[in-house]
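All values below come from the heavy atoms of this structure, side chains included, with hydrogens, waters and symmetry mates left out. Just so we're on the same page: letters track the sequence lines, and every chain starts at 1.
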Amino acid sequence: MKRLSKSFKKGELALSKVDFTMQRGEVVGLVGPNGAGKTTLMKVLSGIIVKYDGELIMGDQAKVGSLIEKPKFFPNRSGLYNINYFSALYGASNKQMDDIIESLKMASYLKKKVKHYSLGMKQRLGIALALISNPDYLILDEPTNGMDPDGIRNILGYVRELVKERNIGVLISSHILEDVENISDRVYVIKDGAFVNQYSCDREHEQVISLAFSEGEVHKAFSMLGNEEGINKQQNLISFIYDGDMKPILQHLGQQEIYPTDVKSKSATLEDFYFEQMKGEAK
Amino acid sequence: MNFGKYLTLELRRNVLSIPLFLAIGLSLVIGGGIVYSIYEMDGPFRPENVTALYSMIATVALGVYCAKLVIIDLHYGTIYLLFTSARDRLKFLISRVIVIMAVSVMFGIGCGALVYVNHFLNDQAFSWGDVGSSVFHYVLFGVFFTLFFLVISMFYQKTMNLFVLSIVTILVLPSILGIILQVDAVPAFIKDFVTYLPLYSLPNDLPFLELESLDMVVVTTVSLSLFAFAYYRLPKTDY
Ligand SMILES: Nc1ncnc2c1ncn2[C@@H]1O[C@H](COP(=O)(O)OP(=O)(O)O)[C@@H](O)[C@H]1O
Ligand SMILES: [Mg+2]
């Protein structure tokens, strides 16, 4: 899709000129603060929101299945009823449904009424229903919300499996950055309706450098390094994402007789990237 | 989405439903009270009193059905599984009309049956046309209000408020419109307008099954217009 914008009646732009592409067979993550426009983007992609500016190009008859916001489904009916109902509509075979039920480990509570489900159970039902139409693309809006760690691992593993076996494309949002990083091939960071940056999960990762200084010198060091991108100061620690040679930096500090008391580096994660983006935008 | 399957499932869910049978049963009991008192005391009621008493519960229940039918998928979030393409949205629209017709026919048959029993027990006037008229009245009522609430829900999607609004429309609005008709200062053309407004004529005339032909034409025309509007706009509406 190209230059996609969406505004609601109150005039605020919920999505602003977003360029976005994804292919089958890849997992794309979507992260950003509340109100950033993640759900809105997902609603556009799944055909729930139809009024927007810009262009949405989909492959021929690409089918999209989605779990967006938190549906109650038919709460007075069992999970099984819900599954049978929607698989009748979309022509899913019993075998197909049994596979989904088994993979999502839903069998034990399938006969219970959906209103008695925990959030995690409902999310699984939602994923099962999103898969019923045998989609080419799967859109999951915060699917791991309210799930226990086992459940999260199970769901993410299953999604990965689906991608591999059926070559579907997955767009997934979550506030748990680690999960998004683990499952995605690349991640869009979205804020105030615009894509801030894109993070590739398989690239040679940059390093997060942390330099510790003594109390007296930390301010001076901070002002000297102030032009490093995404620099961050916490007490006597200064950290930034950097993938170059450390020598010039240390030399630069050395000219003013400032030396760090400690130097540490670790691989940058989506989390570091995310906070860097959020800060960069705030300037 | 497979329209045939969808329609079958929705008919089964809404027509073979315990609340529907309870509502019709209760209407029959209340209308039956009149039939019984005519039987015991030989009057003073007429068949129109029978249909009016029957309609006390029946119109409210049917109105609730109309609202429920268009609001519930929004409320449950199942709309996200149903509204993913323009075609599916139109299938939804058409299925709503067919389902409410079926539900309305049930209410209409209940009413017709009661009039027949009254005739059988009390020897009061009856013709098969009464049954047809009763079914027709209920279908007009059901289809109009379903489409009316559906169109509102295309602009305003807070489901709880929508539901309250629907109840008010059926229970309170007709009396308010009735008051307008009583005020001398209101110009005659406004009074005419209100009289033929389906929001007024349907709840007022359905109890006695006394919609005039012109009322029926107006209700049908307005319903068709609402349908056309929904057909055109529903695929272009954000959810
Ligand atoms: N139906 C709506 N009407 C008006 N504003 C909306 C609507 N849905 C979302 N918004 C606004 O659009 C922005 C993006 O919301 P959303 O896409 O839900 O964010 P996210 O899912 O990233 O938390 C928010 O400012 C929100 O208030
Ligand atoms: Mg959201």
OH/B:Y156: more than 12 non-hydrogen atoms of other groups inside 6.0 Å: yes
Neighbour count above 12 (heavy atom, 6.0 Å) for B:K158 NZ: no
Charged tip of B:R13 within 45° of A:F74 ring normal and under 6.0 Å: yes
Heavy-atom neighbours of B:I18 CD1 exceed 12 at 6.0 Å: no
A:K70 atom NZ: more than 12 heavy-atom contacts under 6.0 Å: yes
Largest heavy-atom contact set with chain B, pairs under 4.5 Å, which of A:P75, A:G65, A:S66: A:P75
Flag if over 12 foreign heavy atoms under 6.0 Å of OH, A:Y109: yes
Minimum-distance pair of heavy atoms, taken over all atoms of A:P71 and B:G77: CB-O, 3.9 Å
Contact origin within B:T8 toward chain A - heavy atom pairs under 4.5 Å: neither
Interchain contact, A:N76 with chain B, by part (heavy-atom threshold 4.5 Å): side chain
Distance in Å, A:R77 CZ paired with B:Y76 OH, rounded so as to fall on 0.5 Å steps: 9.5 Å
Side chain to side chain, A:V50 and B:T237, heavy atoms closer than 4.5 Å: no
Side chain to side chain donor-acceptor pair (under 3.5 Å) between B:Y239 and A:K43, intermediate numbers included: CA-CA 8 Å; B:Y239 279 91; A:K43 281 185 177 176; over 6 Å; no
pair B:N2-A:Y90: side-chain heavy atoms closer than 4.5 Å: no
B:I72 versus chain A, the contacting section by heavy-atom distance below 4.5 Å: neither
Donor-acceptor contact present, side-chain B:K236 to main-chain A:K51, <3.5 Å: no
Point-to-point distance, once rounded to the nearest 0.5 Å, from OH of A:Y85 to CD of B:E10: 3.5 Å
Flag if over 12 foreign heavy atoms under 6.0 Å of CZ, B:F3: yes
A:R24, CZ: over 12 other non-hydrogen atoms inside 6.0 angstrom: yes
Side chain proximity check, B:M1 to A:F86, heavy atoms < 4.5 angstrom: no
Side chain to side chain, B:L81 and A:F73, heavy atoms closer than 4.5 Å: yes
A:Q96 atom CD: more than 12 heavy-atom contacts under 6.0 Å: yes
Top contributor to chain B contacts, counting heavy-atom pairs under 4.5 Å, from A:I132, A:I48, A:L89, A:V114: A:I48
